[in-house]
Amino acid sequence: MGIHQLMQFLKEKAPNCFRTLMLDYFAGRTIGCDASMAMYQFLIQTQSAGLTQIIELTDKEGNRTGHLVGLFNRTLQFLENGIKPVWVFDGKPPLLKSGELARRKKLKEEAKVKTELALEQGDMQQALLQNQRTTTISSIMKEDAIKMLQLMGCPVIIAPCEAEAQCAELCRAGKIYATATEDMDALTFRTPVLLRGFNTKKEPIYEIIYDDMIKELELTYEQFVDLCILCGCDYTEKIEGIGPGTAYKLIKEYKSIEGILEHVQKVNAEREKNNQNPKYTVPSKFLYQDSRELFITPLVQKGDELQLTWNKPDVDNLKKFLIEEKGFAESRIDNGLKRIAKKDPAGFQSRLENFFGKTTKIIHPNNSKAKAKSNKKTEQPQKSGGKKKI
DNA sequence: ACTCTGGTTCAAGACGTC
DNA sequence: TTAATTGAACCAGAGT
DNA sequence: GACGTCC
């Protein structure tokens with residue numbers, strides 16, 4: 001669930017950290033894309049109601065393929081626009097998240113029952129709605145997606161833990177320009193730039209700049225993390241009676257969750273004297289310190305150690321995989337590949353220079369050492385780079 | 001009146017052809 | 001021993 | 001642009 005109500009909170013308290021941008025703004029840039037989020041959207045959106053059953057896209061063995069169709073098309077759109085996507089997959093979630101995951105699993109099981117019921121009653125609209133909520137991603141589906149994206153020539157990263165944390169690390173290391181996700185957690189993991197609405201064709205795209213946000217809120221990073229925990233995160237329960245509004249006020253006044261807990265106890269003690277109900281309820285296991293650690297020093301692969309390269313699609317194996325194993329129509333693949341193949345690489349390169357040649361600001365200026373090594377790539381478009389053709 | 005919280009419920013894509 | 005995405009909108013009810 | 005289809 002990310003950080004509860006953080007988006008709305010930021011709109012109110014830090015309205016100037018947002019920008020709206022069109023897709024072409026990102027030409028020449030490298031973007032870290034949250035894969036699981038995108039897969040869910042595609043899987044859900046490719047379901048439809050038949051007369052007596054729900055129809056899903058599958059291969060001949062019954063494995064679902066809606067996510068492949070979506071990722072295939074969207075990746076082509078990116079490449080077509082000169083955007084270099086890095087698809088980042090979730091690894092094993094942290095132990096603290098198991099409570100939240102169990103909750104979601106239970107909801108999905110309930111939705112499954114409701115789907116069956118609706119099917120019996122012939123309420124296909126309801127059946128579709130409930131079936132969408134049962135959507136899960138199996139390991140086969142995930143492996144299929146990884147295989148396809150790699151055959152398309154895109155770098156794929158399987159994060160050791162949370163994908164958002166890995167993207168934030170890549171962004172701070174200068175390997176990507178931004179993290180594209182709907183999950184507001186990415187800001188808590190301190191991604192410098194967050195993009196929302198990036199994996200749908202609908203424009204504009206919303207960009208949130210971390211530095212602007214933190215300045216406007218007038219908080220330190222540590223205080224912002226505490227604020228997120230108080231709003232409600234995936235790792236621990238929250239204090240009942242404190243939402244985003246009061247959390248912000250209290251953080252300003254008492255500086256940290258420790259300070260707030262002291263204050264909370266005072267308030268509650270005072271009310272007990274007057275025979276009043278407690279104003280706030282601290283959960284019996286309020287694991288705010290562990291949560292903090294997960295946000296501030298998450299398990300990630302170091303950005304420096306990752307080399308991101310884009311290759312030309314492996315057309316033969318891609319077609320083999322998608323047509324023979326996944327049942328894709330050959331014409332769709334050919335059409336799709338044409339969209340990126342017919343672009344003359346030289347023309348492509350000069351187009352990027354047109355976009356950025358004059359106005360590019362190097363965020364991490366190369367010192368002479370880095371230049372000599374020349375393996376220190378940044379997210380900024382490179383004027384002479386581009387060894388890899390797309 | 002107003003603010004805030006907390007629970008519930010809904011929504012989440014793109015292509016090709018007409 | 002398998003799977004593990006989320007936000008937004010709405011409304012009721014409590015507290016100030 | 002709306003609509004059926006994508007697998």
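These numbers come from a predicted model, not from an experiment. Chain A is the first sequence line, chain B the second, and so forth, proteins listed ahead of strands; every chain is numbered from 1.
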Is there a side chain to side chain contact (heavy atoms under 4.5 Å, CB included) between A:I3 and A:F9? Walk through the geometry before answering. CA-CA 10 Å; A:I3 305 302; A:F9 172 80; over 6 Å; no
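Between the CD atom of A:Q77 and the C1' atom of B:dC15 there is a distance of 10 Å, rounded to whole Å. In this entry the distance linking CD of A:Q130 with P of B:dC10 reads 8 Å, nearest Å. Across the protein-nucleic acid pair, A:I158 atom CD1 and C:dT5 atom P stand 17 Å apart, rounded to whole Å. The interatomic distance linking A:M37 (CE) with C:dT6 (P) rounds to 6 Å, in whole Å. Going from atom CZ of A:F328 over to atom P of D:dT5 covers 18 Å, rounded to whole Å. Atom-to-atom, CG of A:L294 to P of C:dA4 comes out at 20 Å; the value is rounded to the nearest Å. Protein atom OH of A:Y40 is 4 Å distant from nucleotide atom P of C:dA4, rounded to whole Å. Atom pair A:N63:CG and C:dA3:C1' shows a separation of 16 Å (rounding to whole Å applied).
Residue A:T65 is classed as a sugar-phosphate contact, given heavy-atom separations below 4.0 Å to backbone atoms only. Looking at heavy-atom distances under 4.0 Å, A:L6 makes no contact with the nucleic acid at all. Using a 4.0 Å heavy-atom criterion, one finds that A:G70 contacts no nucleic acid atom at all. Counting any heavy atom pair closer than 4.0 Å across all strands shown, A:K279 reaches sugar-phosphate atoms only and no base atom. Across all strands, A:N335 comes closer than 4.0 Å only to sugar-phosphate atoms, never to a base (heavy-atom distances). Using a 4.0 Å heavy-atom criterion, one finds that A:M39 contacts no nucleic acid atom at all. Within 4.0 Å (heavy atoms only), A:R196 reaches sugar-phosphate atoms of the nucleic acid but no base atom. Within 4.0 Å of A:A329, counting heavy atoms only, lie sugar-phosphate atoms of the nucleic acid but no base atom. Heavy atoms of A:T136 sit under 4.0 angstrom from primed sugar atoms or phosphate atoms, though from no base atom.
Checked against the 6.0 Å centroid threshold, A:F295 and A:Y235 count as a close aromatic pair. Aromatic ring centres of A:F72 and A:F42 lie farther apart than the 6.0 Å criterion allows.
Distances shorter than 4.0 Å separate some side-chain N or O of A:R339 from OP1 or OP2 on B:dC15. Between A:K142 and C:dA4, a side-chain N or O to OP1/OP2 separation shorter than 4.0 Å is absent.
Less than 4.0 Å separates DNA chain B from at least one heavy atom of each of the following residues of residues 230-254 of chain A: A:K238, A:E240, A:G241, A:I242, A:G243, A:P244, A:G245, A:T246, A:K249. Interface residues of residues 93-114 of chain A facing DNA chain D, ordered by number: none; criterion, heavy-atom separation under 4.0 Å.
Comparing atom distances between the A:E164 side chain and each of C:dT6, D:dC7, B:dC10 picks out C:dT6 as nearest. Listed candidates were D:dC7, C:dG7, B:dC10. Nearest to the side chain of A:D183 is C:dG7. Relative to the side chain of A:R332, the nucleotides D:dC6, C:dT5, B:dC10 differ in distance, and D:dC6 lies closest. Candidate nucleotides D:dC7, D:dC6, B:dA14 were compared by shortest atom distance to the side chain of A:T46, and D:dC6 ranks first.
Remark on DNA chain B: of its neighbouring residues A:Q47 and A:H4, the 5'-side contact belongs to A:H4, judged by nearest-heavy-atom nucleotide. If you find the closest nucleotide of DNA chain B to A:Q5 and to A:Q41, the one lying nearer the 5' end belongs to A:Q5.
As rounded to the nearest Å, B:dT17 and D:dC7 have P atoms that lie 13 Å from one another.
When each of A:Q130, A:Q132, A:Q125 is checked for a side-chain contact (heavy atoms from CB on, under 4.5 Å) with A:L128, only A:Q132 meets the rule.
Ion pairing between a basic and an acidic side chain is recognised when a charged N comes within 4.0 Å of a carboxylate O; A:R133 and A:E110 show no such pairing. Using a 4.0 Å cut-off between charged nitrogen and carboxylate oxygen, A:E207 and A:R29 do not count as a salt-bridge pair. Using a 4.0 Å cut-off between charged nitrogen and carboxylate oxygen, A:K319 and A:D334 count as a salt-bridge pair.
Annotation: cation-pi pair A:R190/A:Y221 present, NZ/CZ under 6.0 Å from the ring centroid and within 45° of its normal.
Here A:T246 contributes atom OG1 and A:E253 contributes atom CD; the two are 12.0 Å apart, rounded to the nearest 0.5 Å.
Pairing each heavy atom of A:P155 with each of A:P85, the nearest pair is CD-O, 3.7 Å.
Side-chain contact between A:E164 and A:T181 is present, with heavy atoms from C-beta onward closer than 4.5 Å.
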